[in-house]
Amino acid sequence: MLELIWLVPFLPLIGVIINGLLGIRFSKKTTGIVGCLSIFGSFVVSCGAFWELLQLPATQRIKEVVLWQWIPCGDLTVNLGFLVDPLSIVMLLTVSGVSSLIHVYSVGYMHEDEGFRRYFVYLNLFVFFMLMLVSASSFLLMFVGWEGVGLCSYLLIGFWYRRKEPADAGKKAFIVNLVGDYGFLLGMLLIFVTFGSLDFLKVLPFAQETLAYDGIVVTMITLLLFVGATGKSAQIPLYTWLPDAMEGPTPVSALIHAATMVTAGVYMVARCSAFFVLAPVSLWVVAIVGAGTAFYAATIGLTQFDIKRVLAYSTISQLGYMFLACGAGAFAAGIFHLMTHAFFKALLFLGAGSVMHALSGELDIRKMGGLRKQLPWTHLTFLIATLAIAGIAPLAGFFSKDAILWGAFQKHFYLWLVGAITAFLTALYMFRAVFMTFYGKPRLDEEVAKHVHESPPVMVLPLAALAVLSVIGGWIGIPAALKGGDWFHHFLAPVFSSGSAPVTHHHAANIGLVGIAHASENAVHGSHDLVVEYILMGVSLGVALLGIVLAYYFYIKNPQAPAKIAKHFKRLYRVIFNKYYMDEIYDAVFVQPIRRSSEWLWHYFDEGVVDGIANGSARLFTGLSSVLKRLQTGYVQNYAIWMLVGIVFLIVYYLLW
């Protein structure tokens with residue numbers, strides 16, 4: 001099955017071709033079946049490849065499958081090839097598995113939409129590019145997938161393009177991502193200049209013998225790559241597109257936030273861990289930006305009332321957690337949280353979509369309440385996902401969050417502190433959404449209340465499957481401190497280096513992509529202070545429970561309290577409620593100056609110079625033609641006179657010269 005790994009990205013592409021070319025003749029049911037089966041086929045092939053990979057010794061779990069030579073151009077040779085190793089197989093399973101459930105859910109959610117066929121074409125195309133991104137064997141092929149998911153985000157966020165808000169949100173996502181893409185592109189060019197190749201297996205295993213530890217080149221490469229990651233994974237300062245992406249259909253939000261696009265930046269940083277461990281400055285930048293984004297977005301989530309925007313800021317915050325892990329050198333913990341987050345974040349968005357489906361599209365949690373009895377399955381699954389993201393044991397989020405906090409604590413106490421505070425805020429604002437949506441007195445409009453109903457089975461079944469994964473998905477990473485095997489960490493260990501200390505060139509020369517820093521990984525785990533780890537676990541669980549208790553007090557026991565606190569801290573609340581005015585600042589600092597300068601160039605340069613030259617040349621030839629046309633009168637006597645003048649001129653000319 002490893003040899004057939006190329007089918008994983010290409011099966012969704014086949015779905016795109018079938019529905020795109022023949023879908024106009026299909027019923028909606030057939031279109032949905034084609035779209036869902038193409039993604040499920042990718043998941044099946046990924047499972048087969050995963051099983052074959054497990055049969056190999058840990059140090060041999062890497063294979064490159066080359067279909068053909070794609071670009072032979074001078075020193076640049078790029079293959080259309082796919083890399084199968086523990087990191088890529090985790091991503092393939094996560095992307096294809098969660099995407100399959102979202103596709104099934106979409107059949108019910110989008111059934112009445114007139115753009116049903118177009119929706120599934122875009123959705124399949126989105127997954128194709130994401131699978132291409134995570135399975136590519138070179139930076140250039142990864143960049144193709146990278147740009148492809150950016151294009152598809154524009155198409156899907158602006159899916160209802162006849163309305164201004166979705167159209168603007170799609171453009172915003174595309175443009176903001178392009179800013180980060182320039183960083184990735186420059187970093188890729190610097191890699192080619194340094195290594196003479198863009199193939200992962202010709203670059204990453206030789207990073208430590210080619211690049212100087214803490215050198216300017218590796219620092220520039222990693223910082224440029226991280227600029228690209230901040231765009232795709234919505235980190236400060238390029239995060240502003242993600243909340244606006246809520247204008248697209250809710251299953252699209254689930255796909256973007258859980259299984260595709262926003263995880264691309266985290267994956268890319270993890271894939272390039274061999275670079276980042278040589279760049280301590282870059283690791284600190286990644287850790288600080290990640291921790292800062294996690295806390296910053298969590299504070300905004302406390303004040304939002306649009307249920308999808310609450311989840312959007314939650315995604316930004318959780319992505320910050322993942323980058324905090326990568327910056328702390330705990331790359332496996334970051335990927336572990338990426339996987340578990342895909343389960344419960346997809347469930348949260350699909351649950352929100354189920355609520356919207358029941359309430360005729362209502363998004364404001366102030367107009368909800370008391371829905372748990374009318375939407376029992378949606379309530380139960382949404383609650384499970386919220387417990388998971390809050391980090392309550394033994395759900396999936398507890399183990400992945402704890403692994404990140406442990407890695408942050410080893411890096412620096414203050415990084416752990418920011419992470420712990422963010423965990424408290426996460427539990428608080430997420431249970432705020434739960435209590436305001438499903439508990440308390442109903443606040444629904446009368447007309448909406450008459451039609452409240454649970455979603456159909458085609459939407460509920462994916463919720464149930466994701467709920468199960470949100471419970472048990474983290475058990476493969478139970479740490480040794482809790483008598484677990486920490487299987488997930490050991491599975492990924494051959495891919496990552498610890499980054500805790502520089503590796504000597506003598507030793508680095510004998511380390512490849514497959515076996516990089518086994519010894520240092522084991523040393524880190526061997527040095528765990530169990531007492532400290534237990535204390536940190538207790539604090540992590542304690543702050544999450546405290547957040548839940550406070551949410552219960554504020555939104556169930558004493559629902560007037562939040563308004564009083566907001567009134568007491570009026571200015572601070574206004575700033576946070578308005579998202580720190582970052583959109584307004586960006587508009588004033590970047591958008592409007594660019595717009596005004598563009599208008600100036602249009603008026604003075606385009607119209608004045610470019611159009612002036614074109615129009616001036618036209619007037620010149622018009623004037624010349626008006627003079628010359630007088631010579632063509634059609635009268636013979638005029639021509640005779642001009643012939644006589646010409647003869648006289650020639651005679652005088654020859655006589656004088």
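Counting begins at 1 with the first residue of the sequence.
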Query raised in the report: Take atom CE in M582; do more than 12 heavy atoms of anything else shown fall under 6.0 Å from it?
Result: yes

Query raised in the report: Under 30°, 30 to 60°, or over 60°: which ring-plane class applies to F438 and F382, parallel, tilted or perpendicular?
Result: tilted

Query raised in the report: Rounded to the nearest 0.5 Å, how far does CG of N558 lie from NZ of K564?
Result: 6.0 Å

Query raised in the report: Any side-chain heavy atom of L13 sitting closer than 4.5 Å to one from N124?
Result: no

Query raised in the report: Counting only N and O atoms by type, is there a donor-acceptor contact under 3.5 Å from the side chain of N177 to the main-chain atoms of A173?
Result: yes

Query raised in the report: With side chains defined as the heavy atoms from C-beta onward, is the minimum distance between I307 and E362 less than 4.5 Å?
Result: no

Query raised in the report: CZ of R596: more than 12 outside heavy atoms within 6.0 angstrom?
Result: yes

Query raised in the report: Hey, does the side chain of T381 reach the backbone of T378 with a donor-acceptor pair shorter than 3.5 angstrom?
Result: yes

Query raised in the report: Is the number of heavy atoms from other residues, nucleotides or ligands under 6.0 Å of Y581 OH greater than 12?
Result: yes

**Report entry** Side chain Y105, main chain L350, donor-acceptor under 3.5 Å
**Finding:** yes

Query raised in the report: Judged by atom type as modelled, is there a donor-acceptor pair below 3.5 Å linking the side chain of T222 to the main-chain atoms of F275?
Result: no

Query raised in the report: Would you call the rings of H357 and Y109 parallel, tilted or perpendicular if under 30° counts as parallel and over 60° as perpendicular?
Result: tilted

Requested in this report: Check whether any side-chain N or O of E112 sits under 3.5 Å from a backbone N or O of E114 as a donor-acceptor pair, and report yes or no.
Outcome: no

Query raised in the report: Can you name the nearest heavy-atom pair linking I556 to G440, along with the distance?
Result: CD1-N, 4.1 Å

Report summary line: Taking every heavy atom of M110 against every heavy atom of W160, the minimum-distance pair comes out as CE-CZ2, 4.2 Å

Query raised in the report: Could you go step by step and tell me if E584 and K579 meet the salt bridge (charged side-chain N to carboxylate O under 4.0 Å, His left out) rule?
Result: CA-CA 10 Å; E584 289 79 3; K579 299 158 285 189; over 6 Å; no

Query raised in the report: Just by modelled atom types, is the I236 backbone N or O under 3.5 Å from a matching donor or acceptor in the T293 side chain?
Result: yes

Report task. Using atom types as modelled and distance alone, determine if a side-chain donor or acceptor of S354 lies under 3.5 Å from a backbone N or O of G351. Result -> no

Report task. Could you tell me whether Y573 atom OH has more than 12 heavy atoms of other residues or ligands within 6.0 Å of it? Result -> yes

Report task. Return the orientation label for the F435 and Y552 ring planes: parallel under 30°, perpendicular over 60°, tilted otherwise. Result -> perpendicular

Report task. Can you establish whether the number of heavy atoms outside R595 located under 6.0 Å from its atom CZ is more than 12? Result -> no

Query raised in the report: Is the backbone of F305 close enough, under 3.5 Å, to the side chain of R366 for a donor and an acceptor to pair up by distance?
Result: no

Query - Face-on cation placement of R432 at F554 ring, 6.0 Å and 45° thresholds - result: no

Query - Considering all heavy atoms, the nearest S99-L255 contact - result: OG-CD1, 3.3 Å

Query raised in the report: Within a radius of less than 6.0 Å around OH of Y580, do more than 12 heavy atoms belonging to other residues, nucleotides or ligands occur?
Result: yes

Report task. With sequence neighbours left out, write down each residue that passes salt bridge (charged side-chain N to carboxylate O under 4.0 Å, His left out) with E447, or none if nothing qualifies. Result -> K450

**Report entry** Heavy-atom check, side chain of L198 versus side chain of F143, under 4.5 Å
**Finding:** no

Report task. Would you mind checking if R118 and D113 are paired as a salt bridge, meaning a charged N to carboxylate O distance below 4.0 Å? Result -> no

**Report entry** Stepwise side chain to side chain donor-acceptor pair (under 3.5 Å) test for Y313 and Y429
**Finding:** CA-CA 10 Å; Y313 283 105; Y429 71 72; over 6 Å; no

Query raised in the report: Does the ring of W241 carry K171 above it, NZ/CZ under 6.0 angstrom from centre and within 45° of its axis?
Result: no

Query raised in the report: Which pair of heavy atoms, one from F323 and one from G290, lies closest together, and at what distance?
Result: CB-CA, 3.9 Å

Report summary line: All heavy atoms of A294 vs all of T422, minimum pair found to be O-CG2, 3.4 Å

Report task. Give, for atom CG of L359 and atom CG of D364, the distance between the pair rounded to the nearest 0.5 Å. Result -> 11.0 Å

Query raised in the report: Should we count OH of Y182 as having more than 12 external heavy atoms under 6.0 Å?
Result: no

Query raised in the report: Mind checking whether T315 and F349 have side chains closer than 4.5 Å, heavy atoms only?
Result: yes

**Report entry** Shortest non-hydrogen separation from S253 to G248 and the atoms involved
**Finding:** OG-O, 4.2 Å

Report task. Look only at the side chain of Y321 and the backbone of A423, and say whether a donor-acceptor pair between them is shorter than 3.5 Å. Result -> yes

Query raised in the report: Do the side chains of Y119 and S106 get nearer than 4.5 Å, heavy atoms only?
Result: yes

Query - Heavy atoms of other groups near Y555 OH, more than 12 under 6.0 Å - result: yes

Requested in this report: Compare all side-chain heavy atoms of T230 with those of Y239 and state whether any distance is below 4.5 angstrom.
Outcome: no

**Report entry** F184 side chain near K232 side chain, heavy-atom distance below 4.5 Å
**Finding:** no

Query raised in the report: Are Y267 and M322 close enough that some pair of their side-chain heavy atoms sits under 4.5 Å apart?
Result: no

Requested in this report: Check whether any side-chain N or O of T299 sits under 3.5 Å from a backbone N or O of Y296 as a donor-acceptor pair, and report yes or no.
Outcome: yes

